Colleague: 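Provided herewith is a single structure, encoded as structure tokens, for subsequent inquiry.
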Amino acid sequence: VDSVVTRGDRLKRFAFRLGIGRMDMSVTPGLYALGSPGPEDPVLVSANFKLTFDRLRKNLEGRNAWLLILETKGINVWCAAGKGTFGTEELIRQVENSGLKMVLSHYDLILPQLGAPGIRAHEVRRRTGFRVHYGPVSLDDLGVYLDSGMKARPEMRRKTFPLSERAELMPLELVQAWKVLFGMAAVSLILTFIFQGAEGLTLLYDVVPTIIAIGCGACITPLLLPYIPGRAFSLKGALVGAICAGLYIVLVSPPPAHTVFIACAIIAVSSFLAMNFTGATTFTSLSGVRKEMRYALPLQAAVVFIAIAGRILGETLLKGGMGA
Amino acid sequence: MMQYLKNVVSLGFNPELCTGCGRCVEVCPHGVFEKIGKAVELRNRDRCIECGACMMNCAFGAIRVQAGVGCAAAVLNGMMRNREPSCDCSSTDCC
């Protein structure tokens with residue numbers, strides 16, 4: 001293989017981030033020769049996720065290396081390591097099947113550091129003779145790591161979560177929010193239809209608040225994540241939702257009967273979507289997420305209940321008022 | 001540096017079993033362990049994300065953690081199917 005990432009490769013990445021062809025992003029596992037590697041050249045182990053493979057090739061431009069690609073079903077290294085597909089057994093299987101020992105004069109494998117949750121390095125050593133070295137977290141540091149004799153500076157061992165990464169994940173968060181989009185808008189439209197009939201339905205009062213809620217939970221909260229107060233994601237999402245709901249009510253001044261519903265629904269939906277962003281981040285733990293959900297889910301459900309009850313009560317009272 | 005909830009992770013470290021080899025320092029993506037002289041210390045417990053890398057790569061069994069993925073969608077997914085959290089979603093909603 002060579003190290004050039006073509007326009008076709010980039011187009012595929014763009015589509016992937018929108019959720020198109022997400023499950024068709026695998027390359028054939030096995031041993032690849034990048035450039036014309038010899039017995040002394042390094043072996044880099046990776047996943048058979050196309051975006052990873054492309055970035056790996058690109059960062060090795062001008063070098064000779066062996067690439068040992070594990071079968072992770074087209075999933076990236078970190079997630080696959082969490083599931084165990086990027087794991088000790090698969091690594092040993094690929095080392096043996098590829099005949100790696102035949103082409104090498106050394107016993108060193110370089111693995112991505114984020115593959116470590118799936119790998120028992122000492123077991124690989126015991127069963128194959130190969131030493132596992134963990135390379136840097138980011139492929140962008142791979143060149144420096146190789147040039148410095150497989151040494152990673154402490155900052156190359158840290159997983160950060162910069163704005164660029166959060167922004168790259170945003171389109172998918174939006175696409176995945178479609179169920180919420182239909183759910184909240186549908187409830188709003190149905191309630192309006194019941195109380196005001198078909199002529200009462202409006203884009204501004206029934207659909208726009210849903211779009212705001214999704215924007216708060218799936219865009220603003222992820223993007224501004226470090227700057228929003230609180231540690232729990234549901235709290236951050238609720239705060240952003242409350243601010244945006246307040247702005248909407250001040251700027252648009254919706255009919256009084258709609259106000260409680262709009263405010264509460266935006267807060268609850270934004271909070272829920274922000275909570276779901278935990279899975280995309282790099283610094284949340286399962287124990288933490290469980291703790292957060294234990295109080296956040298009931299609260300979110302309660303706020304949704306208040307939203308609907310508020311709308312029903314508001315319409316009934318206002319109608320009663322007019323009748324009197 | 002962004003940090004999640006405090007005092008919640010299941011990470012346990014037994015210094016008596018630790019040989020100070022430093023593998024955990026190498027694999028941890030959040031600098032939870034630090035090598036001080038010849039010994040390893042658990043320094044930033046609240047930064048732990050329970051990925052399990054340190055436990056997997058500790059040849060001496062000095063680290064215990066209930067490994068998992070900090071993903072609310074996976075927990076919900078597990079709750080609805082009455083199972084453990086799972087990111088093995090049927091179609092596209094996956095990590």
Side-chain angles (χ1 to χ4, degrees), chain A residues 19-20 22-23 75-76 78-79 81-83 87-88 113-123 125-126 132-134 137 152 154 157-161 172 175-176 179 225-226 231-234 272 274-293 296-297, chain B residues 1-11 21 23-35 44-61 65-79 84-95:
Chain A
I20 304 165
R22 268 195 97 202
M23 291 296 135
I75 304 287
N76 70 71
W78 207 7
C79 286
K83 289 177 193 175
T88 311
Q113 185 187 329
L114 294 183
I119 304 286
R120 289 180 194 279
H122 46 284
E123 200 176 322
R125 179 80 197 270
R126 186 167 56 77
V132 170
H133 303 266
Y134 289 109
V137 162
R157 295 247 168 259
R158 301 276 182 282
K159 182 71 194 104
T160 57
F161 195 39
L172 191 66
V175 171
Q176 290 185 345
K179 280 181 206 158
L225 201 59
R231 283 177 184 252
F233 282 53
S234 47
F272 180 76
M275 192 176 77
N276 269 340
F277 191 66
T278 50
T281 69
T282 58
F283 62 97
T284 55
S285 62
L286 177 57
S287 299
V289 168
R290 276 199 171 122
K291 184 180 174 187
E292 165 163 5
M293 288 175 80
L297 272 180
Chain B
M1 173 162 194
M2 281 178 277
Q3 238 175 323
Y4 196 44
L5 309 183
K6 278 183 182 172
N7 294 323
V8 69
V9 293
S10 59
L11 177 69
C21 75
R23 257 301 191 195
C24 51
V25 182
E26 186 185 346
V27 297
C28 178
H30 289 284
V32 170
F33 295 94
E34 263 174 49
K35 192 150 183 177
N44 300 299
R45 196 162 180 278
D46 285 335
R47 285 196 206 159
C48 174
I49 60 166
E50 301 179 327
C51 72
C54 52
M55 175 176 68
M56 286 289 279
N57 285 277
C58 180
F60 313 99
V65 61
Q66 261 189 302
V69 179
C71 172
V75 174
L76 268 181
N77 214 348
M79 272 159 64
E84 280 299 288
S86 156
C87 21
D88 290 320
C89 343
S90 49
S91 56
T92 54
D93 315 351
C94 198
C95 80

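In the text below, chain A, chain B and the rest are named by the order of the sequence lines, each starting its count at 1. Here the structure is a predicted model, which means the values were calculated and not measured.
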Colleague: How many angstroms lie between atom CE of B/M79 and atom CZ of A/R290, to the nearest 0.5 angstrom?
Modeller: 10.0 Å
Colleague: Pick one of side chain, backbone, both or neither for A/A280, based on which atoms fall under 4.5 Å of a heavy atom in chain B.
Modeller: neither
Colleague: Quick one: are A/L286 and B/V75 in side-chain contact, heavy atoms under 4.5 Å?
Modeller: yes
Colleague: Please give me the minimum heavy-atom distance between B/N57 and A/Y134, naming the atom from each residue.
Modeller: OD1-OH, 2.6 Å
Colleague: Relative to chain A, which of B/G52, B/A59, B/S10 shows the most heavy atom pairs under 4.5 Å?
Modeller: B/A59
Colleague: Could you please spell out the steps behind the side chain to side chain contact (heavy atoms under 4.5 Å, CB included) verdict for B/D46 and A/R231?
Modeller: CA-CA 12 Å; B/D46 285 335; A/R231 283 177 184 252; 5.6 Å; no
Colleague: Compare all side-chain heavy atoms of A/V132 with those of B/R23 and state whether any distance is below 4.5 angstrom.
Modeller: yes
Colleague: Hey, are the side chains of B/E26 and A/R157 touching, using non-hydrogen atoms and a 4.5 Å cut-off?
Modeller: yes
Colleague: Between the side chain of A/T284 and the main-chain N/O of B/G70, is any donor-acceptor distance below 3.5 Å?
Modeller: yes
Colleague: Is any side-chain heavy atom of B/P29 closer than 4.5 Å to one of A/T282?
Modeller: no
Colleague: Check B/M56 against A/A116 and note the closest heavy-atom contact, atom names and distance.
Modeller: CB-O, 4.0 Å
Colleague: Who among B/C28, B/G68, B/A53, B/C48 has the most heavy-atom pairs with chain A under 4.5 Å?
Modeller: B/A53
Colleague: Please report the shortest heavy-atom distance between A/T278 and B/A72, naming the atom on each side.
Modeller: OG1-N, 2.9 Å
Colleague: Can you see which heavy atom on A/R158 is nearest to which on B/G31, and at what distance?
Modeller: CZ-CA, 3.5 Å
Colleague: Let me see the working for A/M293 and B/L76 under side chain to side chain contact (heavy atoms under 4.5 Å, CB included), right down to the final yes or no.
Modeller: CA-CA 9 Å; A/M293 288 175 80; B/L76 268 181; 3.7 Å; yes
Colleague: Examine whether an atom of B/C58 lies under 4.5 Å from a heavy atom of chain A, and if so say whether it belongs to the side chain, the backbone or both; otherwise answer neither.
Modeller: backbone
Colleague: With chain B, which of A/R120, A/M275, A/E292, A/E123 has the greatest number of heavy-atom pairs at distances under 4.5 Å?
Modeller: A/R120
Colleague: Please find the pair of heavy atoms, one from B/V8 and one from A/S285, that lie closest to each other, and give the distance.
Modeller: CG1-OG, 4.3 Å
Colleague: Counting only non-hydrogen atoms closer than 4.5 Å, does A/F272 touch chain B with its backbone (N, CA, C, O), its side chain (CB onward), both, or neither?
Modeller: side chain
Colleague: Answer yes or no: does atom CD of B/Q66 have more than 12 heavy-atom neighbours from other residues, nucleotides or ligands under 6.0 Å?
Modeller: no
Colleague: To the nearest 0.5 Å, what is the distance between CZ on A/F283 and CZ on B/R47?
Modeller: 12.5 Å
Colleague: Any idea which heavy atoms bring A/K159 and B/H30 closest together, and the distance?
Modeller: O-CE1, 3.5 Å
Colleague: Which bit of B/C51 is near chain A, if near means a heavy-atom gap under 4.5 Å: side chain, backbone, both or neither?
Modeller: both
